[in-house]
Student: 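Got a structure for you, questions after.
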2 protein chains.
Amino acid sequence: MDISKILDHIHQLPEQSKFALQNNVTEIAFSKGHILLKANKIEPNIYFIKKGLVRAFIERDNEVTFWFGKEGETVISMKSYVEDQPGYETIELLEDCELYELKTENLRKLFSEDVHIANWGRKFAEKELIKTEERLISKQFKNASERYLELMKDHPELLQRVQLGHIASYLGITQVSLSRIRAELK
Amino acid sequence: MDISKILDHIHQLPEQSKFALQNNVTEIAFSKGHILLKANKIEPNIYFIKKGLVRAFIERDNEVTFWFGKEGETVISMKSYVEDQPGYETIELLEDCELYELKTENLRKLFSEDVHIANWGRKFAEKELIKTEERLISKQFKNASERYLELMKDHPELLQRVQLGHIASYLGITQVSLSRIRAELK
DNA sequence: TTCATTTTTTATCATTTGTTAATTTTTTTC
DNA sequence: GAAAAAAATTAACAAATGATAAAAAATGAA
């Protein structure tokens, strides 16, 4: 998905503002397994995924995957982006990826100068918020097997592209538990 | 907490922009038990809590509380605010409340006109996002008893102001389960 | 292909949380 | 302050999920 479409998909921008954003974006590619973003560091960039798939995970005793990003989505350490604090997530490429890189510093400058871009940034945060809120509510309401069915319905392609250990972790259960759930659904 | 302080606490605003916002705010009071916001309706206002305590819950078989709001916090149906869609939450006053009311429609107008207010709105969404993300991660990582301890640590006053049934529901467990956890901690 | 490695499934038992019902404690109302 | 109502706790059993280990299946490398 190309940068112009990605930006517009977040929130429609006047041509001039879109160009201003695009001018600050550079293309970059990494291969599967690359660690794009490390936990406990302030991350100076955000990325838009042109092609490929990534996951965000947190390391404690075990790795817990809490987000997948695919074409058109934004890779961002919210803590870095919002609070200039080190984030808790590591981002790993699950496939070879082509990315658009944008320096947070430059983006902030654009936010302060251009009301359209400020509102674009507002819309971005708002949409991410809705998604996160829905996941929280899903977790509050549904048991593991319902959450699995929901994921199958909303993002069926993930099951093809991501190994089940990561899916289980994303659903908040163990891989063994997910296997059991899948067996019961047959 | 008065409106000027609430607005600045979200994100510092130049005086002129702050006045523009304040001019669109009206004070209003309701007593304990009042339903401020109904599920499945598009809510045309947002509210800032001057004084009091509210909860957001979703009704299925049972009520599930998923948010508490106290002095200084913002009462908002994200679905209404962001997508102009009916929200899933009902908001109930747990104490007599004094509120500041702001029409979403007016706020949107200010967003489009004033870059400072647009960035204020961006900051608001970003901060809410960080909070929601942290809760999601807490839910992914911690068991019920750890989440209870975390709540005691971060918001000890809630335990004084809110009955345990709501707390249990917020933690994603049954009241009976919470009682068991509390008994074990003694 | 074939062997080695990784991923997924299955099985067993332990632990956590849910459900229902009864009891105790606290709060509200008269 | 007593009675009624609401909230919180306790107990017993059920269901869901976790942990560990072993087996089977899928994937990747030589």
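A, B, ... follow the sequence lines: proteins, then strands. Residue 1 opens every chain. Any value given below was found using the heavy atoms of this structure, including those in side chains, with hydrogens, waters and symmetry copies removed. Small disclaimer: the values here were computed from a predicted structure and weren't measured.
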Student: With no hydrogens and no angle check, do the side chains of B/Ser31 and B/Asp96 hold a donor and an acceptor under 3.5 Å apart?
Tutor: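 No donor-acceptor contact under 3.5 Å links the two side chains.
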Student: Check every strand shown and say whether B/Ser179 touches a base, only sugar-phosphate, or nothing at a heavy-atom separation below 4.0 Å.
Tutor: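 Counting heavy atoms under 4.0 Å across all strands, the contact made by B/Ser179 includes a base.
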Student: Where does the angle between the aromatic ring planes of B/Trp120 and B/Phe111 fall among parallel (under 30°), tilted (30 to 60°) and perpendicular (over 60°)?
Tutor: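 If you compare the ring of B/Trp120 with that of B/Phe111, the planes turn out tilted.
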Student: Round to the nearest Å and state the distance from A/Gln160 atom CD to D/dA26 atom P.
Tutor: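 Rounded to the whole Å, the gap is 14 Å.
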Student: Can you check the B/Asn143 CG to C/dG18 P distance for me, whole Å?
Tutor: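 Answer to the nearest Å: 11 Å.
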Student: I want to check something: taking the side chain as every heavy atom from C-beta on, are A/Glu27 and A/Lys50 in contact at a cut-off of under 4.5 Å?
Tutor: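 Yes; the side chains approach each other to less than 4.5 Å.
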Student: Give the C-alpha distance, both sets of side-chain angles, the deciding distance and a yes or no for side chain to side chain contact (heavy atoms under 4.5 Å, CB included) between A/Leu102 and A/Asn45.
Tutor: CA-CA 5 Å; A/Leu102 170 57; A/Asn45 302 302; over 6 Å; no
Student: Are any of the side-chain heavy atoms of B/Leu159 and B/Tyr148 separated by less than 4.5 Å?
Tutor: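 SC-SC contact between B/Leu159 and B/Tyr148 confirmed.
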Student: Of A/Leu178 and B/Ala183, whose nearest nucleotide on DNA chain D comes first from the 5' end?
Tutor: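 Counting from the 5' end, the first nearest nucleotide belongs to B/Ala183.
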Student: Closer to the 5' end of DNA chain C via nearest nucleotide, is it B/Ile173 or A/Arg180?
Tutor: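 Going by which nucleotide is closer to the 5' end, it is A/Arg180.
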Student: When we call it a touch if two heavy atoms are under 4.0 Å apart, what does A/Arg182 touch: a base, just sugar-phosphate, or nothing?
Tutor: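 It contacts sugar-phosphate atoms only.
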Student: Expressed as a whole number of angstroms, how long is the span from A/Leu185:CG to C/dT9:P?
Tutor: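 To the nearest whole Å, that distance equals 11 Å.
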Student: Whole angstroms only, please: what is the CD-C1' distance between B/Gln163 and C/dT28?
Tutor: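 Atom-to-atom, B/Gln163 to C/dT28, this comes out as 13 Å.
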Student: Whole Å only: how far is the CD atom of B/Glu184 from the C1' atom of D/dT9?
Tutor: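 Distance check: B/Glu184 CD to D/dT9 C1' gives 13 Å.
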Student: Taking CG from B/Leu94 and P from D/dA7, how many angstroms apart are they, rounded to a whole number?
Tutor: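 Result: 11 Å.
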Student: Which comes earlier along DNA chain C counting from the 5' end, the contact point of B/Lys32 or that of B/Thr174, where each point is its nearest nucleotide?
Tutor: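 Final value for this comparison: B/Thr174.
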Student: Rounded to whole angstroms, how far apart are CD on B/Gln175 and P on D/dA8?
Tutor: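 Nearest whole value for this atom pair: 5 Å.
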Student: Let me know which of B/Lys70, B/Arg161, B/Lys51 forms a side chain to side chain donor-acceptor pair (under 3.5 Å) with B/Glu95.
Tutor: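 Of the listed residues B/Lys70, B/Arg161, B/Lys51, the side chain to side chain donor-acceptor pair (under 3.5 Å) partner of B/Glu95 is B/Arg161.
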Student: D/dT9 P sits how many Å from B/Ile167 CD1, rounded?
Tutor: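 In whole Å, D/dT9 P lies 12 Å from B/Ile167 CD1.
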Student: Run the numbers on A/Phe68 and A/Tyr170 for ring pair (Phe, Tyr, Trp, His ring centres under 6.0 Å), then give the verdict.
Tutor: CA-CA 9 Å; A/Phe68 296 109; A/Tyr170 176 84; 5.1 Å; yes
Student: Please write out the pairs of protein N or O atoms and N or O atoms of nucleotides 20-22 of chain D separated by less than 3.5 Å, giving the distance to one decimal.
Tutor:
none

